[in-house]
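Down below is the structure, laid out as structure tokens.
Counting begins at 1 with the first residue of the sequence.
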Amino acid sequence: MKKLYFSKLLSTDPKYHNDWQRIKSILEKHKISYSLLEGTKDIWARDYMPVTDGKGQLVQFIYEPSYLKDMRHRQTKPEQILINGKRPTNTSINFKLDGGNYVKHGNKVIITERIFEENNLCTEEISENRRVEQLKKIFHTPFNSVQQKAIQDLESFLNLEVIIIPSYDSEVDLTGHSDGYMRFISEGVVLISSLSEEEEDFAIKMVAALKRYKLDHKEMPCYLYYHPDHPCSAIGCYLNYLELDNLIIFPIFDIKPQVDNDAIARIKKLFPNKHIEPIIINDIANEGGLMNCISWEG
């Protein structure tokens, strides 16, 4: 197994103390080796660290997310993060993408349509059309020629099949990262949040994407949680678990215990050969992410 890394801020910022102790306890229980990254400005290591291409090589995208455009002082600079005194990779691509919007398995990678907005590749028809009856027509030919060229360039560079799925707009989902929408169970089967809990137009778009890429799917319970002090909270999103070789560290929230129980039963059924460790890290969740967001393997 690759080594696991977390931002050092998890261990030094008092507001994460209890959550970090729970995480460490599970890692130590399963003898998982980990290290802490210096030079980070937030805890979301998945986003600013490199991704793995189809050949197993590390690649660094441009990390310049639009949701930090007014808070550049909080934006981690990937080139300043060193492991054993060196950058993890010198291979880069001139494309804006966060690691949280990069869910890879085998020769496929899942990226949400937010990538088009981040790289100024949107069209008015796709970005503003929200009517259900027109969505059905749009998703027969969902990408314009510029977007299709960008997808082809990514596939060529990464040596992967790029799967583009829908995301909510930034008013609903600040980051639009794919690790909150879809995870792989196997190369042809994915796990998504329950479609019955989604808005109708979003569910139509998601079903269209699943059909387009010939993906079977299973559904995970979820629920919408809102607190005025934590408008970007990830509470209720069970999909953002950390999957390792023989272990899944699975977030639960103790807000709706029955949904927690249903989600645990679901993940155990889907991954019968892995140890499932439920964990409550709501202080981290209230910041907008969970176990996949805060970790990086390299």
Side-chain angles (χ1 to χ4, degrees), residues 5-10 13 37-53 57-83 86-104 109-124 126-127 143-144 146-158 160 162-181 231-232 234 240 284 287-290 292-298:
Y5 292 86
F6 300 91
S7 166
K8 188 177 180 179
L9 294 175
L10 283 171
D13 192 323
L37 298 167
E38 304 273 359
T40 64
K41 294 185 179 180
D42 63 40
I43 61 174
W44 314 121
R46 183 75 58 176
D47 292 342
Y48 40 74
M49 294 302 286
V51 302
T52 305
D53 67 12
Q57 303 300 309
L58 292 176
V59 176
Q60 182 69 60
F61 281 88
I62 296 173
Y63 179 65
E64 200 173 272
S66 61
Y67 54 84
L68 291 180
K69 65 182 179 180
D70 297 323
M71 299 179 289
R72 291 303 182 198
H73 63 285
R74 293 180 55 186
Q75 179 183 310
T76 296
K77 296 182 178 180
E79 65 273 12
Q80 294 181 354
I81 300 178
L82 306 179
I83 296 175
K86 298 179 180 180
R87 277 288 298 131
T89 181
N90 292 317
T91 302
S92 60
I93 181 172
N94 189 28
F95 217 84
K96 293 181 182 180
L97 184 70
D98 303 346
N101 197 14
Y102 191 95
V103 174
K104 177 183 172 294
V109 63
I110 300 167
I111 299 171
T112 73
E113 62 188 2
R114 188 68 63 85
I115 192 174
F116 298 139
E117 297 176 32
E118 293 293 314
N119 290 278
N120 298 316
L121 300 175
C122 279
T123 62
E124 182 178 353
I126 291 178
S127 62
F143 310 122
N144 64 38
V146 175
Q147 292 168 341
Q148 191 61 52
K149 177 63 163 54
I151 294 169
Q152 291 170 352
D153 289 346
L154 280 173
E155 290 183 327
S156 178
F157 185 88
L158 296 168
L160 292 169
V162 173
I163 295 169
I164 301 294
I165 64 170
S167 63
Y168 284 101
D169 62 36
S170 58
E171 292 183 1
V172 178
D173 179 6
L174 184 68
T175 65
H177 289 170
S178 55
D179 63 2
Y181 289 96
C232 297
N240 200 267
I284 290 173
E287 297 292 311
L290 288 157
N292 198 65
C293 297
I294 62 173
S295 57
W296 181 73
E297 297 155 79

Please name the pair of heavy atoms, one in G289 and one in C293, separated by the smallest distance, quoted to 0.1 Å. CA-SG, 3.7 Å
Side chain to side chain contact (heavy atoms under 4.5 Å, CB included) with L58: of V51, D53, T89, only one passes, and it is T89
List in chain and number order the residues that pass salt bridge (charged side-chain N to carboxylate O under 4.0 Å, His left out) with K8, two or more places apart in sequence or in another chain; answer none if no residue qualifies. E38
So, taking the atom named CG in L160 and the one named CG in L154, what distance separates them when rounded to the nearest 0.5 Å? 10.0 Å
Contact summary for I81 and P88, nearest pair of heavy atoms: O-CD, 3.7 Å
So does G100 get a backbone contact from the side chain of D47, meaning a donor-acceptor N/O pair under 3.5 Å? yes
Check side-chain contact (heavy atoms from CB on, under 4.5 Å) between T175 and all other residues, then give those that pass, not counting sequence neighbours. Y67, D173, H177
With sequence neighbours excluded, tell me which residues meet side-chain contact (heavy atoms from CB on, under 4.5 Å) with Q75. Y63, E64, P65, L68, R72
Once you round to the nearest 0.5 Å, how far does NZ of K41 lie from CE of M71? 12.5 Å
Could you pull out all residues at least two apart from D13 that satisfy side-chain contact (heavy atoms from CB on, under 4.5 Å)? K15, Y16
Please name all residues satisfying side-chain contact (heavy atoms from CB on, under 4.5 Å) with F157, sequence neighbours left out, ordered by chain then number. V59, T91, I93
CA sep, side-chain torsions, deciding dist, call: V103, I163, side-chain contact (heavy atoms from CB on, under 4.5 Å): CA-CA 10 Å; V103 174; I163 295 169; over 6 Å; no
Tightest non-hydrogen contact, residues L290 and A234, listed as CD1-O, 3.7 Å
Restricting to side-chain hydrogen bond (donor to acceptor under 3.5 Å, both in side chains), what partner residues turn up for K149, sequence neighbours left out? D153
Heavy atoms, side chains only, cut-off 4.5 Å: are Y48 and D42 in contact? yes
I'd like to check the ring pair (Phe, Tyr, Trp, His ring centres under 6.0 Å) partners of W44; sequence neighbours left out, ordered by chain and number. none
By side-chain hydrogen bond (donor to acceptor under 3.5 Å, both in side chains), N240 pairs with (sequence neighbours left out) D179
Could I get the full list of side-chain hydrogen bond (donor to acceptor under 3.5 Å, both in side chains) partners for S66, not counting sequence neighbours? E118
Counting C-beta onward and ignoring hydrogens, is there a side-chain heavy-atom pair between C122 and E113 closer than 4.5 Å? no
Please identify each residue that fulfils ring pair (Phe, Tyr, Trp, His ring centres under 6.0 Å) with Y168, with sequence neighbours left out. F202
Donor-acceptor contact below 3.5 Å, side chain E287 vs main chain I284: no
Between R87 and P78 (side chain of the first, backbone of the second, donor and acceptor by atom type, cut-off under 3.5 Å), is there such a pair? yes
If you define the side chain from C-beta out and look only at heavy atoms, does anything of I111 sit under 4.5 Å from I151? no
Out of T40, L37, I294, which residue meets the side chain to side chain contact (heavy atoms under 4.5 Å, CB included) rule with L9? T40
Minimum side-chain heavy-atom gap F143-L121 below 4.5 Å: no
Of all heavy-atom pairs linking I43 and S7, the shortest is CA-CB, 3.8 Å
Can you check whether Y5 reaches S295 side chain to side chain, under 4.5 Å on heavy atoms? no
Among all residues two or more places apart in sequence or in another chain, which pass the side-chain hydrogen bond (donor to acceptor under 3.5 Å, both in side chains) test with T76? none
Sub-4.5 Å side-chain heavy-atom contact between L158 and Y102: yes
In Å, rounded to the nearest 0.5 Å, how long is the span from CZ of R46 to CG of N101? 12.5 Å
Look only at the side chain of S178 and the backbone of I110, and say whether a donor-acceptor pair between them is shorter than 3.5 Å. yes
Look only at the side chain of Q60 and the backbone of S92, and say whether a donor-acceptor pair between them is shorter than 3.5 Å. no
